[in-house]
Every structure is written in structure tokens, then in C-alpha cells.
Asker: 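This structure is in C-alpha cells; I'll ask about it shortly.
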Amino acid sequence: MAQEDTKIQAIFEYEGVNYKYTCPYNQLDRNYDDENYAYFLKNIPNTECGLFEINIQKDKETELMIENGYVAIYSAPEQAAPDTIIYASIAFV
């Protein structure tokens with residue numbers, strides 16, 4: 001599967017609710033070559049400004065994304081640090 005056709009899928013549980021999000025590989029909100037992660041953002045349902053920052057880790061040697069990641073949870077977009085971090089199941093589909 002070519003990278004441009006690949007979608008990144010994240011599955012996780014937060015506050016007793018299961019979430020499943022996908023994002024096209026080439027439409028991430030952040031993916032810099034010099035960082036060991038990439039991410040995409042999703043609004044937390046039923047909140048005014050909460051954000052899920054879905055992080056996909058990269059292999060240190062190849063700098064390619066791997067199927068490993070986590071979700072940083074922000075209750076407000078101007079926060080510098082997340083409220084909490086939780087595990088996410090990451091897959092390329």
C-alpha cells in the first residue's frame with residue numbers, strides 16, 4: 001500500500017467511551033522530519049474546546065511512522081501541556 005493511500009487509525013478509550021479515528025497519512029496536522037512523532041487533532045465530542053492530540057511514534061533509525069502511539073488530551077487548545085496521556089492502538093489501514 002502506497003503511503004499516499006494509507007490512513008492512520010487510532011483506537012482508544014477515554015472516560016469510559018471508546019473512540020476510533022482515522023486520518024490520511026498525507027493530511028496529518030504535524031509531521032516534521034526532525035521529530036520522533038507525528039500527530040493529528042480531533043475535537044473531543046460534547047466539549048466546547050477539548051482536543052485529542054493523536055500521536056504516532058516514529059522509528060528512531062528510519063524516521064518512519066510505526067504502529068505505536070498515544071493520545072494527549074487537552075481541555076483547552078492554548079494549553080502547553082496535556083491534562084493526561086493515554087495509550088492508543090495505532091494501525092495503518
Asker: Can you establish whether the number of heavy atoms outside Asp33 located under 6.0 Å from its atom CG is more than 12?
Answerer: no

Asker: If you round to the nearest 0.5 Å, how far is CD1 of Ile44 from CD1 of Ile73?
Answerer: 6.0 Å

Asker: When rounded to the nearest 0.5 angstrom, what is the spacing between CG in Asp5 and NZ in Lys7?
Answerer: 10.0 Å

Asker: Do any side-chain atoms of residues 74-81 form donor-acceptor pairs under 3.5 angstrom with protein atoms, and if so which ones, sequence neighbours left out?
Answerer:
{"residue": "Ser75", "atom": "OG", "partner": "Gln79", "partner atom": "OE1", "Å": "3.0"}
{"residue": "Ser75", "atom": "OG", "partner": "Asp83", "partner atom": "OD2", "Å": "3.0"}
{"residue": "Gln79", "atom": "OE1", "partner": "Ser75", "partner atom": "N", "Å": "2.8"}
{"residue": "Gln79", "atom": "OE1", "partner": "Ala76", "partner atom": "N", "Å": "2.7"}
{"residue": "Gln79", "atom": "NE2", "partner": "Ala81", "partner atom": "O", "Å": "3.1"}
{"residue": "Gln79", "atom": "NE2", "partner": "Asp83", "partner atom": "OD1", "Å": "2.9"}

Asker: Any salt bridge (charged side-chain N to carboxylate O under 4.0 Å, His left out) pairs touching residues 66-76, not counting sequence neighbours?
Answerer: none

Asker: Could you go through the side-chain contact (heavy atoms from CB on, under 4.5 Å) check for Tyr14 and Val71 one step at a time?
Answerer: CA-CA 10 Å; Tyr14 175 62; Val71 180; over 6 Å; no

Asker: Check step by step if side-chain contact (heavy atoms from CB on, under 4.5 Å) holds for Leu51 and Asn43.
Answerer: CA-CA 5 Å; Leu51 287 173; Asn43 292 327; 3.3 Å; yes

Asker: Enumerate donor-acceptor pairs with a distance under 3.5 Å from any side-chain N or O in residues 15-24 to protein atoms, sequence neighbours excluded.
Answerer:
none

Asker: Output the distance between atom CD1 (Ile8) and atom CG (Asn31), rounded to the nearest 0.5 Å.
Answerer: 7.5 Å

Asker: List the steps, then state whether side-chain contact (heavy atoms from CB on, under 4.5 Å) holds for Ile90 with Asn68.
Answerer: CA-CA 5 Å; Ile90 303 294; Asn68 195 25; 5.9 Å; no

Asker: Closest heavy-atom contact between Met65 and Ala38?
Answerer: SD-CB, 3.8 Å

Asker: How does the hydrophobic cluster around Leu41 look, that is, which other residues are in it when side-chain heavy atoms under 4.5 Å mark a link?
Answerer: Tyr37, Tyr39

Asker: Going by side-chain hydrogen bond (donor to acceptor under 3.5 Å, both in side chains), name the pairs with one or both residues in residues 84-93, residues two or more places apart or in two chains.
Answerer: none

Asker: Minimum heavy-atom separation for Ile66 to Ile56, with atom names?
Answerer: O-CG2, 3.4 Å

Asker: Apply salt bridge (Lys or Arg N to Asp or Glu O under 4.0 Å) to Glu35 and list each qualifying residue two or more places apart in sequence or on a separate chain.
Answerer: Arg30

Asker: Report whether Ile11 and Phe40 are members of the same hydrophobic cluster (ILVMFWY, side-chain heavy atoms less than 4.5 Å apart, transitive linking).
Answerer: no

Asker: If you group Ile, Leu, Val, Met, Phe, Trp and Tyr whenever their side-chain heavy atoms sit less than 4.5 Å apart, what else falls in with Tyr70?
Answerer: Ile85

Asker: Any salt bridge (charged side-chain N to carboxylate O under 4.0 Å, His left out) pairs touching residues 44-64, not counting sequence neighbours?
Answerer: none

